[in-house]
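Below is one structure, written out as structure tokens; comments come after it.
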Amino acid sequence: MRENSKKLKKDFPKKNKVAWEKIMNPNSNEYTNIMNSYACIFQDNNYLAIKSLLKIFTKDSLEKVGLDSVKNLITKKKKKNDPSIKEFLDLNLEMNAGLDSFKETINLFNLTDLNEIVEFYKVFDSTTTKNITIFKSKGLEFENVLLNIDYGFYRKRNWNNINFNHKENDNRDTDQDIMYYLFYVGITRAKNNLNIYINSKQNKEFLNKFTVKFPDIEIQYI
């Protein structure tokens, strides 16, 4: 699932760098909305599949081809683990205006990928709390927490400055102290599950310090 969220981010049609917030919310932009909708076509929920078909293909072409024919094709494609869009178009289905550019991206994903994309967004659909900063989370608790280790646009006070060996009587270092404080607040918001995402390209030094300080924590590289 992590690999497919990364693939979604990598193939985002970007003019500028895309933030993870846009990937996590399928309704925040057309790209993730379309990719999630296409993935939902292959789910067993008929209502969801039809709703998703209408997002991808024109209503007129769906009516001309007939839903029974479309459903039969979907069943065959699921058996072959082949969600490519070509056979839908060969069936004379027409994509809605402005969606032709998604053909190539859609074909990058197999059926297992698409199923995991649906599951990926189900997790966020079940989350009632919006993304918030660590400062704003102080005093709050959550069942599950995803802590994003990424300095964003504030490069001076970034996570590489953290000192995990900080002691109460050490000399004050504002940058180190603030990052240590933020990390402590972030990890202590979780009641049951804590996942930490580390942008290893930007925060390689943080990752090195983290693995030394917490050698028993499982790390997955994505």
With heavy-atom distances below 4.5 Å as the criterion, would you say the side chains of [X] and [Y] are in contact?
{"X": "K78", "Y": "D44", "result": "yes"}
{"X": "F88", "Y": "M95", "result": "no"}
{"X": "N110", "Y": "D113", "result": "yes"}
{"X": "I134", "Y": "Y181", "result": "no"}
{"X": "N165", "Y": "K213", "result": "yes"}
{"X": "S84", "Y": "K77", "result": "yes"}
{"X": "L62", "Y": "I50", "result": "no"}
{"X": "N33", "Y": "K55", "result": "yes"}

Separation of [Y] [atom2] from [X] [atom1] (nearest 0.5 Å):
{"X": "N160", "Y": "N203", "atom1": "CG", "atom2": "CG", "value": "4.5 Å"}
{"X": "Y184", "Y": "I162", "atom1": "OH", "atom2": "CD1", "value": "13.5 Å"}
{"X": "L114", "Y": "L108", "atom1": "CG", "atom2": "CG", "value": "10.5 Å"}
{"X": "K64", "Y": "N92", "atom1": "NZ", "atom2": "CG", "value": "9.5 Å"}
{"X": "F57", "Y": "L89", "atom1": "CZ", "atom2": "CG", "value": "6.0 Å"}
{"X": "L93", "Y": "L73", "atom1": "CG", "atom2": "CG", "value": "8.0 Å"}

Can you see which heavy atom on [X] is nearest to which on [Y], and at what distance?
{"X": "I41", "Y": "S52", "value": "CG1-CB, 3.9 Å"}
{"X": "V185", "Y": "K138", "value": "CG1-CA, 4.2 Å"}
{"X": "I196", "Y": "I187", "value": "CD1-CG2, 4.3 Å"}
{"X": "I56", "Y": "Y38", "value": "CD1-N, 4.1 Å"}
{"X": "I106", "Y": "P83", "value": "CG2-O, 4.4 Å"}
{"X": "R189", "Y": "S137", "value": "CD-O, 3.3 Å"}

Can you tell me if CG on N81 sees more than 12 non-hydrogen neighbours from other groups inside 6.0 Å?
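Buried by this count: over 12 neighbours within 6.0 Å.
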With a cut-off of 6.0 Å (strictly less than), are more than 12 heavy atoms of other residues, nucleotides or ligands near CD of E104?
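No, because the 6.0 Å sphere around CD of E104 holds 12 heavy atoms or fewer from other groups.
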Side-chain H-bond candidate by donor/acceptor type, D60 with T58, under 3.5 Å
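Side chains of D60 and T58: no pair found under 3.5 Å.
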N96 side chain to L54 backbone, donor-acceptor under 3.5 Å
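Yes, because the side chain of N96 sits within donor-acceptor range (under 3.5 Å) of the backbone of L54.
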In this structure, would V212 and I198 fall into the same cluster of hydrophobic residues linked by side-chain contacts under 4.5 Å?
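No, it is not one cluster - the side chains of V212 and I198 are not joined through contacts under 4.5 Å.
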According to a hydrophobic-cluster definition based on side-chain heavy atoms being under 4.5 Å apart (Ile, Leu, Val, Met, Phe, Trp, Tyr only), do L48 and F42 belong together?
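Different clusters: L48 never reaches F42 through Ile, Leu, Val, Met, Phe, Trp or Tyr contacts under 4.5 Å.
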Quick check, are the ring centers of F210 and F214 under 6.0 angstrom apart?
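F210 vs F214: aromatic centres under 6.0 Å.
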Looking at F164 versus F206, is the centre-to-centre ring distance below 6.0 Å?
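Aromatic pair counts; centres sit under 6.0 Å.
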side-chain contact (heavy atoms from CB on, under 4.5 Å) evaluation trace for M179 with N163
CA-CA 8 Å; M179 301 318 294; N163 178 13; over 6 Å; no
